[in-house]
Amino acid sequence: MTASEPVTLAALLAAARRRLEAAGSPTADLDARLLLAAALGLQRSDFILKAQDGVSTAHAARADALVARRAGGEPVHRILGRRAFYDHDFQLSPETLEPRPDTEALVELARRPMAETLAATGRCRFVDLGTGTGAIAVSLLALFPEAEAVAVDLAIGAVVTARQNAEAAGVAARFHAVVGDYASMIGARLDLVVSNPPYIETEAIERLAPEVRAHDPRLALDGGADGLDAYRAIAADAPRVLNPAGSVLLEIGAGQAADVEAIFHRRGFAIIDRAFDLAGHVRALWLRSGKLA
């Protein structure tokens, strides 16, 4: 290849992969493909079908800029500005937590109480506390066309992003996003409370991976001295905002199950079921009001 010849897609991908491997990325090949696809407008199959096609200098420079950001430690989905979760892609913003696969355990766990409520009453109204991108509420609304959600977040930017994601998923008419502090502003009785609240101990935040510590909003990470502040706040409001025998569905951190269950037990809730994450930890809890353990 002479200096005047354009670099091929295969060569550009190989160079990007090597650069990310040298920077310590554990998913260098996948990251390189995602970033080049975004920079060049490619489909997955193009890396095979167009491997020997030349890439213009402008496109190569665009790809190089994205790869440089990833090599500098910025998460790939922050660079792309979106992330897939459950059945949809969700736009990200600086005020939103990046939705992760483990949270899909919470969505799966919530399906049963939602289906039971719809079978019994023909409708299901729930609140998603700390909605962020709206990933949990939007996913559940897409699964259950009869359901309706209130999505609450303390960050105005997160509420704006969540509304945009609801519109993109076609559920905006049943998605009501508001700015608020957990359930303090909820007046109506609801069937479910769902939440992936902040649950990292304050002093542990500085030990998180740089991709998380430097790029996810602290508001969505910091759960207080013992990581349980949000659960206490939710448990305090849950009896007021839930219908009789209403359910609470929560994501929790590894090892927090017993503590969170105890917090809710003191408010009259009993554990109904638990869901596990990809590493085998209890990741989500289903608690119900007024039901014996």
| Do the charged groups of Glu104 and Arg111 touch, with an N to O distance under 4.0 Å? | no
| request: Step through the shown structure and confirm whether more than 12 heavy atoms of other residues, nucleotides or ligands are within 6.0 Å of CZ on Arg123. | output: no
| task | Look at the side chain of Arg288 and the backbone N and O of Trp286, then say whether any donor-acceptor pair between them is shorter than 3.5 Å. | result | no
| query | Looking only at atom types and distance, does a side-chain atom of Arg283 sit under 3.5 Å from a main-chain N or O of Phe276, one as donor and one as acceptor? | reply | no
| said: Between Arg112 and Glu108 (salt bridge meaning N to carboxylate O under 4.0 Å), is one present in this structure? | reply: no
| message | I'd like to know if the side chain of Arg33 reaches the main chain of Arg44, judged simply by a donor and an acceptor atom lying under 3.5 Å from each other, with no hydrogens or angles considered. | response | no
| request: Answer yes or no: is there a donor N or O on one side and an acceptor on the other, between the side chain of Ser184 and the main chain of Asp181, under 3.5 Å? | output: yes
| To the nearest 0.5 Å, how far apart are CG in Asp216 and CG in Leu97? | 4.5 Å
| task | Could you tell me whether the side chain of Arg213 reaches within less than 4.5 Å of the side chain of Glu206, counting heavy atoms only? | result | yes
| Intermediate values then yes/no, side chain to side chain contact (heavy atoms under 4.5 Å, CB included), His176 and Glu148 | CA-CA 8 Å; His176 312 291; Glu148 189 171 0; 2.6 Å; yes
| message | I'd like to know if Arg232 pairs up with Asp226 as an ion pair, taking the criterion as any Lys NZ or Arg NE/NH1/NH2 lying under 4.0 Å from an Asp or Glu carboxylate oxygen. | response | yes
| How far apart are the C-alpha atoms of Asp31 and Ser25, what are their side-chain angles, what is the distance that settles it, and do they pass the side chain to side chain donor-acceptor pair (under 3.5 Å) test? | CA-CA 8 Å; Asp31 291 354; Ser25 171; 2.9 Å; yes
| query | Which word best sums up how the rings of Tyr199 and Tyr231 line up, parallel for under 30°, tilted for 30 to 60°, or perpendicular for over 60°? | reply | parallel
